Amino acid sequence: MSETVVKFGILGCAEIARKVGRAITLAPNATIVAVGSRSAEKAVRFAADNGFPPGTRAYGSYDAVLDDPEVDAVYMPLPTSLHAKWAVLAARKKKHLLLEKPVAVNAAEFDGIVEACVANGVQFMDGTMWMHHPRTAKMKEFVSDEKAFGKLRAMHTCFTFAADPDFLENDIRVKPDLDALGALGDAGWYCIRSILLANNYELPKTVTALRGPVFNKAGVILSCGASLYWEDGKVATFHCSFLSHLTMDITAVGTKGTLHVHDFIIPFQESEASYSVALESWFNELVTGWVAKPAEHVVSTSLPQEALMVKEFSSLVGAIKAGGSPPEMKWPIISRKTQLVIDAVKLSIERGFEPVEVVG
């Protein structure tokens with residue numbers, strides 16, 4: 001029996017919706033049937049410009065997409081401040097929810113969204129695309145291998161890009177009424193997720209924001225960082241910024257090995273991605289070089305990571321529609337932990353860089 005094809009509606013014509021729209025068309029178990037904007041004309045133009053399937057319905061409101069009986073699921077790239085309203089409404093309309101990150105302004109809003117999804121039996125997943133690349137599973141396998149990697153002791157992640165003046169003045173990610181978390185919510189979300197992944201999603205005991213965050217004139221974070229501490233002595237740090245050169249690095253250090261990744265969010269190439277591992281490295285006799293140099297591992301994929309995300313989400317939705325499965329709770333649980341750390345970093349900044357306990 002062929003797999004169910006999940007019919008998507010897209011709420012909003014954000015730039016990221018172009019990428020995810022393409023991903024929906026590439027996924028073998030998904031298709032686009034509707035797109036909504038505050039302007040019907042804009043929705044029509046967006047569908048045409050991005051090669052959406054013939055017959056895609058273009059609506060002049062988000063409500064119209066949610067009221068379309070043919071729509072099974074919605075992809076929602078709206079500003080974070082609008083998520084609480086529209087994500088809850090989508091769930092109440094029995095639409096499965098693929099929601100852009102950050103999921104919410106804070107954990108309380110996050111919980112309202114997920115509670116609506118659970119109450120209405122719909123699948124929730126956030127739009128953290130790199131989680132679905134096959135490289136990510138290989139990385140996780142390595143850092144979980146105590147014989148090769150040992151025990152994780154320290155980790156550093158970094159996601160920065162040098163935004164242009166127009167972005168810094170006009171992008172929704174620098175507007176307090178649209179995306180008040182700024183660089184912390186946009187870029188820091190990825191860094192925190194990678195740290196949690198390596199720690200098997202164990203929350204840190206405390207989070208301490210690093211001194212020197214940069215804010216714009218409206219008070220939105222443009223650059224910040226934090227240290228995360230676990231009771232067993234593990235430590236992780238991250239830095240995220242709209243003000244520095246494009247960097248997407250992970251370094252995870254174990255007692256026996258080290259993992260390095262230099263493009264963990266968006267691979268250098270769509271069809272393949274690499275990571276390097278060092279195992280029980282040491283110096284040569286004269287300490288002029290390394291013995292057992294780091295080895296690069298390349299992972300190929302026939303679909304880009306965003307299409308793999310859509311494919312996995314649609315498989316879960318298809319199983320629910322077939323009546324055989326409840327919504328998969330793995331994804332909201334992981335997302336909530338990411339949100340909790342985001343909240344703790346923000347609170348630590350507000351409290352003058354004091355340690356904040358993370359309570360799950």
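Since the model is a prediction, treat every value here as computed from it, not as a measurement.
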More than 12 heavy atoms of other residues, nucleotides or ligands under 6.0 Å from [atom1] of [X]: yes or no?
X: Lys101; atom1: NZ; answer: yes
X: Lys140; atom1: NZ; answer: yes
X: Arg38; atom1: CZ; answer: no
X: Lys138; atom1: NZ; answer: no

Under-4.0 Å salt bridge between [X] and [Y]:
X: Arg57; Y: Glu70; answer: yes
X: Asp171; Y: Arg173; answer: yes
X: Arg135; Y: Glu272; answer: no

Checklist entry - Out of curiosity, Leu181 CG to Thr80 OG1, how far, rounded to the nearest 0.5 Å? => result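 Reported to 0.5 Å precision, the distance equals 6.5 Å.
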Next on the checklist: Would you compute the distance between atom SG of Cys240 and atom CZ of Phe159 and round it to the nearest 0.5 angstrom?
Outcome noted: 9.5 Å
Checklist entry - Lys175 and Asp179: side-chain contact (heavy atoms from CB on, under 4.5 Å), yes or no, with the steps? => result CA-CA 6 Å; Lys175 301 292 185 182; Asp179 268 297; over 6 Å; no
Between [Y] and [X], do the side chains contain a donor N or O and an acceptor N or O under 3.5 Å apart?
X: Thr338; Y: Trp189; value: no
X: Glu296; Y: Ser276; value: no
X: Asn50; Y: Arg18; value: yes
X: Thr208; Y: Glu354; value: no
X: Asp249; Y: Thr247; value: no
X: Ser315; Y: Asn29; value: yes

Item to check | Any side-chain heavy-atom pair of Pro327 and Val122 under 4.5 Å | outcome: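 Not in contact.
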Checklist entry - With a 4.5 Å limit on heavy-atom distance, are the side chains of Val35 and Phe46 in contact? => result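 Side chain of Val35 against side chain of Phe46, heavy atoms only: contact under 4.5 Å found.
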Item to check | Validation row, ring centre Phe238 to ring centre Tyr190 under 6.0 Å | outcome: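 No, the ring centres sit 6.0 Å or more apart.
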Checklist entry - Less than 6.0 Å separating the ring centroids of His132 and Trp331? => result yes
Next on the checklist: Using a 3.5 Å distance criterion without hydrogens, assess whether the side chain of Asn284 forms a donor-acceptor pair with backbone atoms of Thr288.
Outcome noted: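 At least one qualifying donor-acceptor pair exists.
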Checklist entry - In terms of ring plane angle, is the pair Phe8 and Phe313 parallel, tilted or perpendicular, where the classes change at 30° and 60°? => result tilted
List the atom pairs, donor and acceptor, that lie under 3.5 Å between side-chain atoms in residues 251-261 and the rest of the protein, sequence neighbours left out.
residue: Thr251; atom: OG1; partner: His260; partner atom: ND1; Å: 3.2
residue: Thr255; atom: OG1; partner: Lys151; partner atom: N; Å: 2.9

Next on the checklist: Run the salt bridge (charged side-chain N to carboxylate O under 4.0 Å, His left out) test on Asp72 and Lys95 for me, step by step, so that the C-alpha distance in whole Å, both residues' side-chain angles and the decisive distance to 0.1 Å come before the verdict.
Outcome noted: CA-CA 6 Å; Asp72 299 315; Lys95 308 300 185 187; over 6 Å; no
Next on the checklist: salt bridge (charged side-chain N to carboxylate O under 4.0 Å, His left out), that's the test. Do Asp232 and Lys234 meet it? Break it down for me.
Outcome noted: CA-CA 6 Å; Asp232 65 358; Lys234 291 194 299 290; 2.7 Å; yes
Item to check | Full working for side-chain contact (heavy atoms from CB on, under 4.5 Å) between Gln123 and Leu97 | outcome: CA-CA 6 Å; Gln123 182 64 50; Leu97 186 61; over 6 Å; no
